[in-house]
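This structure is in C-alpha cells; I'll ask about it shortly.
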Amino acid sequence: MNLSSVLLILCVVCVCQSQLTIPIKKIDGGLNYRNFRLDGKAINVPIDSKADAQYYGEITLGTPPQKFLVVFDTGSSNLWVPSALCPITQISCDFHSKYDHGVSKTYKPNGEKFFIQYGSGEVGGFLSTDVMSIGGVTIQNQTFAEIVEEPGIAFLAAGFDGIMGLAFDSISVDHVTPVWYQMMAQNLVPEPVFAFWLNRDPNAGPGMGGELVLGGVDPKHYTGDFHSVPLTSETYWEFKADSIVMDGTDFCKGCKAIADTGTSLFVGPTKAIEKINEKIGAEGIFTGECKMVIDEYGHQIIAWLQSGVTPEQICESLGACPNSGLCKPCETLMYYVEIAASSNATDEEILFLLESLCKFIPSPAGESTVDCSTVKSLPNIDITLNGKVFTLTPEQYILKVDNAGQQMCLSGFIGMDIPEPYGPLWILGDVFLGPYYTKFDFGKKEVAFATSR
C-alpha cells in the first residue's frame, strides 16, 4: 500500500465569540490552504490521511507547546505519544516527534507504568501530566502516556506520532481520565457530542483528509437526516447490528458492532470474512509494509548496525522477536547484514539483503486483493442498524492503491476473532465511516449516521 509522507500543521487560531476558524498552513509537499469553521462553539479539527488507511490531526502538549500528529481513535480511550526518553534501540521512536517533559514549564510527574495492546502492536511507557491543546482550546492537567517501547513495523511506518482515544473511560488503561471527558468537565465544548467526516476521495489533496468536530456536527459534510442507533455498552462505541448481508447471505443476526475511527477496514469474525472475501474473489497477499520500511528506513537500520546496535535489538524493534516464529530468521539475516557491512559491502547490496527479510514476514492482518477489472460487477453489502439499511457499494469497500506504479485493489474486509467478553465483534472502521458521517453522542449514549458529502 502506498503510504507517501504527508504532515498536517495547524496554525493561526482566531477565536471570535461563537465562531472558531482554523486555517491550514501550506508547507512543502503541496498542502492546500483550506478553512475549517466552527458551528456554534464546536471545535473543528482538520484530519489528514495516508492512503485511506490512517487519519490523524494535530495536538500540542506542554509549555511551550510541542506538536504531535495523533490518530483520533474511537476504539481506545488513552492518549499517548513517543517520549524523548525512548532508548536508541526503539527505532520507531526515532522517526516520530517525541515529548520532552524536561523543557515543559507545566509538566507534572506521575510515573505509573503504562502498557496498551493494539491490533497492530503493543506500546509501553509511563504516565505524565501536562497541558494539552487541540483546535485552539487548552485542556488543563491532562494525563497521558510517554511511550518508550514502540516495537513493530506498523508503528515504524505510521504517519502519526501517537493516538488519542475517544472511547469510554471504562476501558481506559490505568483508569486515566480520557481527553474527551476532560473537555466536557472543563466546559470546553458546548454539548457532549463529537462527529467525524472521513474524506474517502482518492483525488483529494493533502490536508483534505477529513474533519473531527468536538462539541457538535458540521452540516457541510453530510446530507439528509441522522439515523440514531442506541449503544449497548459504554466501553467502545458499541451497538447492535441487525444484519450484515451480501449476495443473499446474512453473516450477522443481532451481533455486536462498534464504530471505530482507528480501524482502517471493515472487520468481522474470521470465518464470516473468509466467506465474504470468497464472494468477491479476494485472495490473500503479502503486505507491502515490510518492503516499504526497508525502502524508507533501510539506511537508518544499516547505521544502527554499524553503530553497535545488536541484531537482537533490531529484530525486537521490528516486532519479530522475542515471541515470534520470525525471530530466528530475522536475527540470522541481521547477522548476515552485519557481516556484509563490516566487509565494506555497499548500502545497495546491504539493502538487497534487508529486503529479503520481507519474504519471511507474512501479511500480519491477512489483507486480500481483488481483480480490479471485476469491481463494478461485485455485490453490495447491506448493514442494517436499528432498522435502517446502510449500503456499501464495491466502489466503497474496495480500496484502490498504488503499488510501485501499478494500481492494486484491496478488499476492505478483514478477519479478526475478538474473544469474549468484548467479542465476537464486528468493527465498522473507516471503510464504513467514510461513506457515512458519524455523530458520537455521549449525552444520549448513541451513535448516529448520515450520508457523507
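Predicted model, so just to flag it, every value in this text is computed and none were measured.
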Residue pair Ile91 / Ile314: nearest heavy atoms and the distance that separates them | CD1-CD1, 3.6 Å
Between Phe442 and Phe168, what is the ring plane arrangement, given parallel below 30°, perpendicular above 60°, and tilted in between?
-> parallel
Are Phe95 and Gln300 close enough that some pair of their side-chain heavy atoms sits under 4.5 Å apart?
-> yes
Could Lys388 and Phe390 be counted as a cation-pi pair, given that NZ or CZ must be under 6.0 Å from the ring centre and within 45° of the axis?
-> yes
Write down the atom of Thr235, the atom of Ser170, and the distance for their closest heavy-atom approach.
-> CA-OG, 3.4 Å
Taking the side chain from Arg200 and the backbone from Gly434, do they hold a donor-acceptor pair closer than 3.5 Å?
-> no
Hey, does the Lys NZ or Arg CZ of Lys439 hover above the aromatic six-ring of Phe226, less than 6.0 Å from the centre and inside 45° of the axis?
-> yes
Value for CG (Asn78) from NE2 (His175), rounded to nearest 0.5 Å, stands at 10.5 Å
Among Leu85, Asp130, Thr106, Leu61, whose side-chain contact (heavy atoms from CB on, under 4.5 Å) with His101 holds?
-> Leu85
side-chain contact (heavy atoms from CB on, under 4.5 Å) assessment of Val103 paired with Gln66 = CA-CA 10 Å; Val103 301; Gln66 301 174 45; 3.6 Å; yes
The reported gap from OG1 in Thr60 to CD1 in Ile134 (rounded to nearest 0.5 angstrom) is 9.5 Å
So do Val375 and Cys409 actually touch side chain to side chain, heavy atoms under 4.5 Å?
-> yes
Check the pair Trp197, Thr438 against side-chain contact (heavy atoms from CB on, under 4.5 Å), reporting the backbone distance first and the verdict last.
-> CA-CA 7 Å; Trp197 169 61; Thr438 307; over 6 Å; no
Looking at CD1 of Ile163 and CG of Leu79, how far apart are the two atoms once the value is rounded to the nearest 0.5 Å?
-> 10.0 Å
Could you please spell out the steps behind the side-chain hydrogen bond (donor to acceptor under 3.5 Å, both in side chains) verdict for Gln182 and Thr177?
-> CA-CA 7 Å; Gln182 290 274 64; Thr177 302; 5.3 Å; no
Any chance the rings of Phe266 and Tyr397 have centres within less than 6.0 Å?
-> no
Show your working on side-chain contact (heavy atoms from CB on, under 4.5 Å) between Ile258 and Trp237 and close with a plain yes or no.
-> CA-CA 5 Å; Ile258 65 172; Trp237 289 86; 5.6 Å; no
Decide yes or no for Val176 and Leu127: does some side-chain heavy atom of the first lie under 4.5 Å from some side-chain heavy atom of the second?
-> yes
Answer with yes or no whether the side chains of Asn110 and Ser128 bring together a donor and an acceptor at under 3.5 Å.
-> no
Note, Leu188 side chain near Ile139 side chain (heavy atom, < 4.5 Å) | yes
Distance flag, aromatic centroids of Tyr436 and Phe449, threshold under 6.0 Å = no
Say you draw a straight line from CD of Glu238 to CG of Leu231; how long is it, rounded to the nearest 0.5 Å?
-> 8.5 Å
Flag side-chain contact, heavy atom, 4.5 Å: Met164 against Val71 = no
State, yes or no, whether a side-chain contact exists between Phe239 and Ser233 at a heavy-atom distance under 4.5 Å.
-> no
What is the distance from atom CD1 of Ile418 to atom CD1 of Ile427, rounded to the nearest 0.5 Å?
-> 4.0 Å
How far apart are the closest heavy atoms of Asn277 and Ser368, and which atoms are they?
-> ND2-OG, 3.9 Å
Residues Val179, Gln142; criterion side-chain contact (heavy atoms from CB on, under 4.5 Å); working and verdict | CA-CA 7 Å; Val179 171; Gln142 180 61 53; 3.7 Å; yes
Do side-chain atoms of Asp250 reach the backbone of Ser243 as a donor and acceptor pair under 3.5 angstrom?
-> no
Return yes if some donor-acceptor pair links the side-chain N/O of Tyr437 with the main-chain N/O of Asp218 below 3.5 Å, else return no.
-> yes
Going by heavy atoms in the side chains, are Ile381 and Ile276 under 4.5 Å from each other?
-> yes
Determine the sole option in Tyr107, Phe126, Tyr99, Phe68 for which the ring-ring contact (aromatic ring centres under 6.0 Å, His included) test with Phe144 is passed.
-> Tyr99
Lys240 atom NZ: more than 12 heavy-atom contacts under 6.0 Å | no
Evaluation steps, side-chain hydrogen bond (donor to acceptor under 3.5 Å, both in side chains), between Asp73 and Ser76 | CA-CA 6 Å; Asp73 178 23; Ser76 65; 2.6 Å; yes
Should Phe194 and Phe72 be marked as a ring pair (Phe, Tyr, Trp, His ring centres under 6.0 Å) after you check the CA-CA gap, both sets of side-chain angles, and the distance that decides it?
-> CA-CA 11 Å; Phe194 60 89; Phe72 300 119; 9.8 Å; no
For the side chain of Thr391 and the backbone of Asp382, is there at least one donor-acceptor N/O pair under 3.5 Å apart?
-> no
Is the backbone N or O of Ala84 less than 3.5 Å from a side-chain atom of Asp100, with the two atoms forming a donor-acceptor pair by type?
-> no
Can you tell me how far the CZ atom of Phe413 sits from the CD1 atom of Ile244, to the nearest 0.5 Å?
-> 9.0 Å
Using the side-chain contact (heavy atoms from CB on, under 4.5 Å) rule, pick out the option among Asn380, Ile280, Leu392 that qualifies with Met246.
-> Ile280
Between Phe196 and Leu166 the two heavy atoms that sit nearest each other are CZ-CD1, 3.8 Å
Specify the closest pair of heavy atoms between Val148 and Ser83, including all atoms of both residues, with the distance to one decimal.
-> CG1-CB, 3.9 Å
May I have the step-by-step check of side-chain hydrogen bond (donor to acceptor under 3.5 Å, both in side chains) for Thr223 and Thr451, ending in yes or no?
-> CA-CA 6 Å; Thr223 182; Thr451 301; over 6 Å; no
Donor-acceptor contact below 3.5 Å, side chain Asp441 vs main chain Lys444 | yes
Work out which heavy atom in Ile171 is nearest to a heavy atom in Ser77; give both atom names and the distance.
-> CG1-OG, 3.2 Å
Would a distance-only check, ignoring hydrogens and angles, find a side-chain to backbone donor-acceptor pair under 3.5 Å from Gln186 to Met183?
-> no
So, the side chain of Ser133 versus the backbone of Gly136: is there a donor-acceptor pair under 3.5 Å, distance only?
-> no
Under the 3.5 angstrom rule, does the side chain of Gln90 hit a backbone N or O of Glu150 as a donor-acceptor pair?
-> yes
Heavy atoms, side chains only, cut-off 4.5 Å: are Trp180 and Asp169 in contact?
-> no
Looking at Asn141, Thr143, Thr129, which one forms a side-chain hydrogen bond (donor to acceptor under 3.5 Å, both in side chains) with Lys108?
-> Asn141
Checking Asp417 side chain against Thr270 main chain: does a donor-acceptor pair fall under 3.5 Å?
-> yes
